[in-house]
There are 2 protein chains.
Amino acid sequence: MKTTGKEDIRSHCAVNYGVEVFGDRWSLLIIRDIVFVGKKTYGEFLKSEEGIATNVLASRLAFLEEQGILSRAPSPDDGRKDFYTLTEKGLDLIPVVLNIVLWSAKHDSKSYVRGAKEFLARLSRSPMQTSEKVKTLVRNGGCLFPESR
Amino acid sequence: MKTTGKEDIRSHCAVNYGVEVFGDRWSLLIIRDIVFVGKKTYGEFLKSEEGIATNVLASRLAFLEEQGILSRAPSPDDGRKDFYTLTEKGLDLIPVVLNIVLWSAKHDSKSYVRGAKEFLARLSRSPMQTSEKVKTLVRNGGCLFPESR
DNA sequence: CTCATTACTTGCAAATAGCAAGTGAAAGTA
DNA sequence: TACTTTCACTTGCTATTTGCAAGTAATGAG
């Protein structure tokens, strides 16, 4: 996956576009960290459970910004930090992420979902409505489970 | 991504499980080919628009079978061929794939979807119901756009 | 002014992807 | 039956990507 320069896109099939933009081992985990626990900075993403490497994180953040999924803004009260947030295009990935959660919850007995019971029940009852709610929540600076940060 | 032996799983977060199983540059395209145009054999997958390498295809098919997403059975009328089909676990990925399609259609002006207009309209009106219909169709050996094979 | 933090970059080794050229078994053809 | 083709891979090699460890420059805190 390139992070700069010209794109060499394999096809314009709609499935392939998604795969090319976020179909790697880290992008969706970054988005997860924003949506579920409200992470915003490089340092917070770096502390993810899965242990992303520093250079890989840097290139993913740059790529996702370049693709218009994340936007970056300087932290108001710490000049060293930037806050990464989801753009509308990024927020629109929430249904994708939540459908993955639903799939994993069904097919991987070891999978856990934060706030599992209630949230999962609501999600599987009405995935699209739940997605919309979550989208609004995150758009307004919130996240699903702020306490578990 | 390993295709054999012991798994070293990064975490049991539900998002991560999905990423580890189908979060690469090819898996979802194989599933797309099954769901959209009804491909079944190694040779058919190999002819995909995006041009997967022979060894990569072989290892992905093996991995997806190992993960219980694809099942493999000898072709009834040609001893050289195997037919790959989606298991129930694989069929359950259809909502994920269709939500990706919806996202790409919205955010990539160059994206095309086979049978675009009608199907996309139906999909965006009621994604989950459409997913269920498609799941049933594919489970019974059909696919969305058999003509475009 | 000094030291810790933060967000990176750089260099290198290991793993993975991609390409071209086999290989072996089954199918089609004469 | 022998010969050729098709099919589903495997093998060997190179190129790209990932991952780790060790920097580094720019704040911020004391």
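The distance from atom NZ of K40(B) to atom C1' of dA8(D) is 18 Å, rounded to the nearest whole Å. As rounded to whole Å, 16 Å separates atom P of dT6(C) from atom CG of L61(A). Look at CG on L46(A): it is 12 Å from C1' on dG19(D), rounded to the nearest Å. As a whole-Å value, the separation of L29(A) CG from dT18(D) C1' is 15 Å. Computed from coordinates, the K81(B) NZ to dG24(C) P distance equals 22 Å when rounded to whole Å. Spacing between atom CG of D24(B) and atom C1' of dA15(C) amounts to 15 Å, rounded to whole angstrom units. Taking atom NZ of K47(A) as the reference point, atom P of dT5(C) lies 11 Å away to the nearest angstrom. At whole-Å resolution of the value, CD in E44(B) and P in dA8(D) are 8 Å apart.
Nucleic acid contact class of F45(A) (heavy atoms, under 4.0 Å, all strands): none.
The shortest distance between side-chain heavy atoms of L29(B) and R10(A) falls below 4.5 Å.
Every residue meeting the side chain to side chain contact (heavy atoms under 4.5 Å, CB included) condition with L46(A), not counting sequence neighbours, appears here in chain and number order: Y42(A), I52(A), T54(A), L57(A). A search for side chain to side chain donor-acceptor pair (under 3.5 Å) contacts involving E132(A) returns K135(A), not counting sequence neighbours. Considering only residues two or more places apart in sequence or on other chains, Y17(B) meets the ring-ring contact (aromatic ring centres under 6.0 Å, His included) condition with W103(A). With sequence neighbours excluded, the residues forming a side chain to side chain donor-acceptor pair (under 3.5 Å) with S11(B) are E50(A), N16(B), listed by chain and number. With sequence neighbours left out, the side chain to side chain donor-acceptor pair (under 3.5 Å) criterion links D78(B) to R80(B). Partners of T85(B) according to the side chain to side chain donor-acceptor pair (under 3.5 Å) rule, which considers only residues two or more places apart in sequence or in another chain, are S71(B).
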Identify the pairs formed between an N or O of the protein and an N or O of nucleotides 18-21 of chain C at a distance under 3.5 Å, and give each distance.
from    : atom 1 : to     : atom 2 : distance (Å)
dG18(C) : OP2    : W26(B) : NE1    : 2.9
dG18(C) : N7     : N55(B) : ND2    : 3.2
dC19(C) : N4     : N55(B) : OD1    : 3.4
dC19(C) : N4     : N55(B) : ND2    : 2.8

Protein and nucleotides 24-30 of chain D: nitrogen or oxygen contacts under 3.5 angstrom:
from    : atom 1 : to     : atom 2 : distance (Å)
dG28(D) : OP1    : G79(A) : N      : 2.5

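At dC8(C), none of the side-chain N or O atoms of R60(A) fall inside 4.0 Å of OP1 or OP2 (strictly under the cut-off). Using a 4.0 Å cut-off, some side-chain N or O of Y84(B) falls inside it from OP1 or OP2 of dC9(D).
Applying the salt bridge (charged side-chain N to carboxylate O under 4.0 Å, His left out) test to every pair with at least one member in residues 102-111 of chain A, sequence neighbours left out, gives these pairs: K106(A)-D92(B).
Ion pair R60(A)/D24(A) flagged as a salt bridge, since at least one NZ, NE, NH1 or NH2 atom sits closer than 4.0 Å to an Asp/Glu carboxylate oxygen.
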